[in-house]
Amino acid sequence: MWANSLLSLLPLVVLAFAQDCEHKVKEQLVAPPRGWTLHGPAPLDHLVKLCIALPQSNFAAMEDHLYQISNPSHERYGQHLSNKQIEGLVAPRPESIDAVNEWLASHGIGGGDVGRSPAGDGLTIKIPVLLAEKMLDTSSRPSKYHVWKHTGGEYLVRTTSYSLPKTVFDHVELIQPTTIFGTFRKLKSTIHSISKTPAEDASQNAAPVVLATGVTVDPSCNSTITITCLKQLYNAVDFTPSALNPNTIAVTGYMEQFTNRADLQQFYEDQVPAAAAVHSTYRFISVNGGLNLQNGSLAGVEVNLDTHAPFIPDIGTPTNTNEPYTEWLDFVLSQNTPSVISTSYGKWRDDEQTVPLNFAQRVCQGFAQLGTVLFNQHNAYAIHDHYGAGARGVSLMFSSGDGGVGDGDPDPATQECITNDGTNSTRFIPGFPASCPFVTAVGGTVFIPEVAVPFSGGGFSNYFSRPSYQYAAVEGFLKGLPQGTYAGLFNPNGRGIPDVATQSDFFKVFIDGKAFLIGGTSASSSTFAGFVALLNNGRFRNGLSPLGFLNPLLYSKAVSGFNDITVGNNPGEFAQATKGWDAVTGLGTPDFAKLLALVTYY
Ligand SMILES: *[C@@H]1O[C@H](CO)[C@@H](O)[C@H](O)[C@H]1NC(C)=O
Ligand SMILES: *[C@@H]1O[C@H](CO)[C@@H](O)[C@H](O)[C@H]1NC(C)=O
Ligand SMILES: *[C@@H]1O[C@H](CO)[C@@H](O)[C@H](O)[C@H]1NC(C)=O
């Protein structure tokens, strides 16, 4: 009797279960990105740290706020929002939270197993592949988790497709790492070139060079870039930052990159004696086990390059197979964040096409959040009285990449401009995150007078459409292109890269006690970030808020604060430096004195 009724219930239960568990494909790649081949099945006990992004309830409203507070002709200019206000705008809907919590609980995941972003829109869980395959229905080919190998020798645990049960399908925007194939290639840094410092040459004694803009530059700057050169070239010689206005820059280090205090001290002695005299240094913050070894040759070339100014470097992630973007964003959003952040290498320059569209969009939304937020929730310690609670709208700089219009792959053997969509079409390959419209992409110049450097990354996003702030500037460039020559090779409606440029080659740095010259748009990104920090310093003195998201300002009121670069191109001549904005040097290089006057008048 008992057994009988149980049996009669069974089909119903099974049916309900089947419906509940029915999965729908959330994302599927046509093929793994070029360069990746199947290596073998993933070990079922391998732990993956999954980030689950819930739809943000009101991103459009946040975007409106961002454009208002970063538009210099808007009455709300500079009025960054508080963390709490922003969290309200990006928080997921309660139904989404409930549905996802239930789903996780049904797999025995809950409470302390789940990391949550401040706004609750990002969850992280660390689970074995076995469980991930069950939850994402990837247990059968072709969507099984596999170990993939890159031609560069790196390995990743990824799947080419994943599915979600109907109950959470619309309550989850994306889950990664699943289909994201970052090229964890030997690109621990995007340093384009490194060489020994040249012997002091005769030009040391030559007469100073007076440029068309009226500034005077040491002739040695044509072959060795120092802090003095940058101050001369960008018209900042007369500016003395106020020490009363604590000002910080963060330089992010990923993938085993870290700075060396002894090398920094040597750099200061060589180029910034005042900083050497006070033993100026930095604060190291480790995220997710980031390394900060101080012994010699392991010091990261890239970070040593970037640490020119008072700063807090090295928000790092070690080599692992997680994806660092969302971890980094969650970290930065929960901190007393510096008002200027420069990131220029490693994991942070992917070919846009190797980053799934929805993921790129989500990370880009996070950047918008950083540009909008006013950091006054924690640690008032670094904030000057002048500026009250100390708002911190963050300016984000990214190097535009070192591959011209190509994929930025430093290895010529695998360098290419080929799409990943299954058709193998030839197309220019823009870089991400530079292609996100909410960051400032920095390209490169070289020599005195300045010309575009051939490796300067540039082009047009295939993911993000052209933002209104650069509409006219980009239109002018497109009109100047030879008719038809490049049709089909790029997206003329996409966001144009870069926004601005600075010197990018022959930077003198110290590595393990020895002087070297290095080059790459990483140098440009850090350089521009340094000048933005000085602009903020000027604003703080006048009781103004930090600049925050820069681009609407750069393309409007600040255009006259740039030296237009009109000579040079990157290979293929597509991105020819021209009058006005171009896809190799953007608006040009900064004239600090002019910019300072422009940004401290309101
Ligand atoms: C700097 O070097 C470039 C390339 O060699 C050269 O064209 C330019 O004239 C030099 N500038 C000066 C001021 O010597
Ligand atoms: C640097 O220091 C770390 C930690 O003390 C050590 O593991 C490593 O072997 C050292 N490396 C060198 C090159 O001395
Ligand atoms: C595209 O290139 C890949 C790798 O070289 C090759 O395996 C694939 O067959 C090509 N597809 C087409 C449509 O040509």
Give a yes or no answer on whether the side chain of [X] reaches the backbone of [Y] with a donor-acceptor pair at less than 3.5 Å.
{"X": "Arg76", "Y": "His65", "answer": "no"}
{"X": "Thr521", "Y": "Gly401", "answer": "yes"}
{"X": "Ser504", "Y": "Thr445", "answer": "yes"}
{"X": "Ser70", "Y": "Leu66", "answer": "yes"}
{"X": "Asn551", "Y": "Tyr469", "answer": "no"}
{"X": "Tyr67", "Y": "Met62", "answer": "no"}

Side chain to side chain contact (heavy atoms under 4.5 Å, CB included) evaluation trace for Val355 with Gln361: CA-CA 10 Å; Val355 182; Gln361 284 167 335; over 6 Å; no
Residues which pass side-chain contact (heavy atoms from CB on, under 4.5 Å) with Pro492, listed by chain and number, not counting sequence neighbours: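 Listed in chain order: Leu478, Phe490.
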May I ask you to check whether [X] and [Y] show a side-chain donor-acceptor distance below 3.5 Å?
{"X": "Glu352", "Y": "Ser461", "result": "yes"}
{"X": "Gln271", "Y": "Thr226", "result": "no"}
{"X": "Asn71", "Y": "Ser73", "result": "yes"}
{"X": "Thr440", "Y": "Asp499", "result": "no"}
{"X": "Tyr555", "Y": "Gln470", "result": "yes"}
{"X": "Asp591", "Y": "Asn235", "result": "yes"}

Distance-minimising heavy-atom pair for Val217 and Leu211: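 In terms of heavy atoms, the two residues are closest at CG2-CD1, 3.9 Å.
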Phe367 side chain reached by Phe398 side chain, heavy atoms, under 4.5 Å: yes
Plane angle bin for Phe428 and Tyr486 - parallel if under 30°, tilted between 30 and 60°, otherwise perpendicular: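 Tyr486 and Phe428: tilted rings.
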Pi-cation contact, Phe460 with Arg466 (under 6.0 Å, within 45°):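 Negative - Arg466 is either too far from the ring of Phe460 or too far off its axis.
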Check against side chain to side chain contact (heavy atoms under 4.5 Å, CB included), Asp564 and Lys579: CA-CA 7 Å; Asp564 192 4; Lys579 197 163 165 10; 3.9 Å; yes
Residue pair Phe507, Leu517: steps toward the side chain to side chain contact (heavy atoms under 4.5 Å, CB included) verdict: CA-CA 5 Å; Phe507 276 62; Leu517 295 184; over 6 Å; no
Lys508 and Asp270 ion-paired at < 4.0 Å: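 Looking at Asp270 together with Lys508, the answer is yes, because their closest N to O distance falls below 4.0 Å.
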Worked verdict on Phe239 versus Phe531 for side chain to side chain contact (heavy atoms under 4.5 Å, CB included): CA-CA 11 Å; Phe239 184 77; Phe531 285 103; over 6 Å; no
